**Student:** 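Below are the structure tokens for one structure; questions will follow.
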2 protein chains.
Amino acid sequence: MSSKTSPSAARKAGPEQVKQSLRVWLKMLKATKHVEAVVRENLRVEFDTTLPRFDVMAALYRFEEGLKMSELSSALRVSNGNVTGIIERLVSDGSVLRVPVAGDKRAMLVRLTQRGRDEFARMAAAHELWINEIFGSLPVDVTAGLLATLDTIEHAQGLYSEGEHDA
Amino acid sequence: MSSKTSPSAARKAGPEQVKQSLRVWLKMLKATKHVEAVVRENLRVEFDTTLPRFDVMAALYRFEEGLKMSELSSALRVSNGNVTGIIERLVSDGSVLRVPVAGDKRAMLVRLTQRGRDEFARMAAAHELWINEIFGSLPVDVTAGLLATLDTIEHAQGLYSEGEHDA
DNA sequence: GCATGAAATTTCAAGCTTGAATAATTTCCG
DNA sequence: CGGAAATTATTCAAGCTTGAAATTTCATGC
């Protein structure tokens with residue numbers, strides 16, 4: 001009768017653990033969305049631009065020599081077609097330049113114009129302050145712990161072969 | 001000449017702190033996007049649905065009696081017009097029902113159909129497991145610390161009068 | 001009753017995002 | 001060389017998202 005051996009019981013997640021996981025995730029999501037909303041709003045009001053544009057410019061700022069479309073989309077981890085549209089608008093704004101790649105007629109190199117660089121430098125400076133207004137109040141040991149925990153999350157399940165991590 | 005008193009120096013954030021804030025934020029954003037991407041992909045592949053739809057259904061699941069469109073959009077913290085489109089699609093899927101509000105011809109109550117409830121229950125169960133796969137490996141004290149830290153972030157700057165917090 | 005403003009919702013234009021399909025080019029190999 | 005496969009980028013349809021404008025209805029005060 002009592003021969004119930006419950007084979008998978010050892011590795012089974014308790015309902016309490018599942019709930020806690022969910023709770024943490026929802027809070028993390030909420031906090032992230034909150035910060036993102038602040039950044040979006042500030043970008044819109046102070047610089048009349050958007051977060052995706054900002055992200056693209058940030059990537060191009062870092063690679064002065066320019067990036068191929070495919071490099072850009074994989075750096076930002078978004079789809080190819082996505083970047084096409086954003087770059088299009090940045091080009092017509094005069095912030096980004098397209099140059100053909102020597103020796104490969106398929107590829108295009110995109111890079112910031114000087115105007116784009118100046119623009120982004122101003123935005124990045126403001127952005128740093130916005131973020132620091134939110135995160136700057138955390139004690140150093142807390143942010144250190146947060147960094148460590150977030151690292152763990154990223155590597156929690158090696159199911160997805162993450163491409164190159166940017167430094 | 002040397003009468004520079006630098007009035008704001010006392011409260012000035014050190015460049016090291018700003019950098020650390022930025023580092024934490026970028027990592028938090030990255031981790032959140034990673035988890036979100038997993039959820040989106042799983043919802044798409046296993047249930048042929050989207051995260052926004054899931055979010056709407058989650059809210060409606062919690063309020064069995066239904067919600068007004070305005071209540072729904074403020075619960076999800078998205079724009080009014082946004083919800084309209086999502087509900088439209090959920091209605092034509094047969095997952096959501098619209099009922100007029102007695103005594104107010106402007107308002108509409110939206111609620112899950114039985115089919116919608118069953119659908120969501122299955123999705124929610126799977127969702128819990130996905131999340132637990134990622135967060136379940138964290139030690140209890142770490143998740144506790146994470147929860148506390150995230151709370152601090154939400155309330156770091158009381159610049160925005162947050163509406164009602166959902167429990 | 002009636003005007004005036006508030007509230008609830010939809011509509012709209014613009015932009016973001018994805019995954020799939022397409023097109024052009026390059027690379028690999030036989 | 002010449003064709004199959006891989007790479008690069010764009011196009012496309014569908015859906016999400018926003019803020020603003022428009023619409024309808026309600027509430028208030030006169």
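Letters A, B, ... mirror the listed sequences (proteins, then strands); counts begin at 1. Keep in mind that what you see is a predicted model, and the values were worked out from it rather than measured.
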**Student:** For every nucleotide of nucleotides 14-26 of chain C, 5' to 3': is a protein heavy atom under 4.0 Å from its base (B), only from its sugar-phosphate (S), or from neither (-)?
**Tutor:** -SSSB-----BBS

**Student:** Between B:Phe54 and B:Phe47, does the ring centre distance come in under 6.0 Å?
**Tutor:**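 They do not qualify: ring centres at least 6.0 Å apart.
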
**Student:** Is there a side-chain polar atom (N or O) of A:Thr84 under 4.0 Å from OP1 or OP2 of D:dA9?
**Tutor:**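 For D:dA9, OP1/OP2 do not have a side-chain N/O of A:Thr84 under 4.0 Å.
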
**Student:** Answer yes or no: is there a donor N or O on one side and an acceptor on the other, between the side chain of A:Ser74 and the main chain of A:Arg77, under 3.5 Å?
**Tutor:**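 Pair absent, no side-chain N/O of A:Ser74 close to backbone of A:Arg77.
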
**Student:** Ring of A:Tyr61, cation from A:Arg117 - is the NZ or CZ under 6.0 Å from the centre and inside 45° of the axis?
**Tutor:**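 So A:Arg117 does make the cation-pi contact.
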
**Student:** Okay, side chain of B:Thr49, backbone of B:Leu43: is any donor-acceptor separation there less than 3.5 Å?
**Tutor:**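 Absent.
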
**Student:** In whole angstrom, what separates B:Leu67's CG from C:dA8's C1'?
**Tutor:**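 Computing the B:Leu67:CG to C:dA8:C1' distance gives 14 Å.
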
**Student:** Is there a side-chain contact between B:Lys68 and the phosphate of C:dT9, meaning an N or O under 4.0 Å from OP1 or OP2?
**Tutor:**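 Indeed not, no polar side-chain atom of B:Lys68 lies that close.
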
**Student:** Look only at the side chain of B:Thr32 and the backbone of A:Thr32, and say whether a donor-acceptor pair between them is shorter than 3.5 Å.
**Tutor:**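 Pair absent, no side-chain N/O of B:Thr32 close to backbone of A:Thr32.
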
**Student:** Are the charged groups of A:Asp93 and A:Arg53 less than 4.0 angstrom apart, N to O?
**Tutor:**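 A:Arg53 and A:Asp93: salt-bridged.
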
**Student:** Write down the distance between CD (A:Glu71) and P (D:dA9), rounded to a whole number of angstrom.
**Tutor:**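 Answer to the nearest Å: 8 Å.
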
**Student:** In whole Å, I'd like the distance from the CD1 atom of B:Ile87 to the P atom of C:dA8.
**Tutor:**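 Interatomic distance, CD1 of B:Ile87 to P of C:dA8: 17 Å.
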
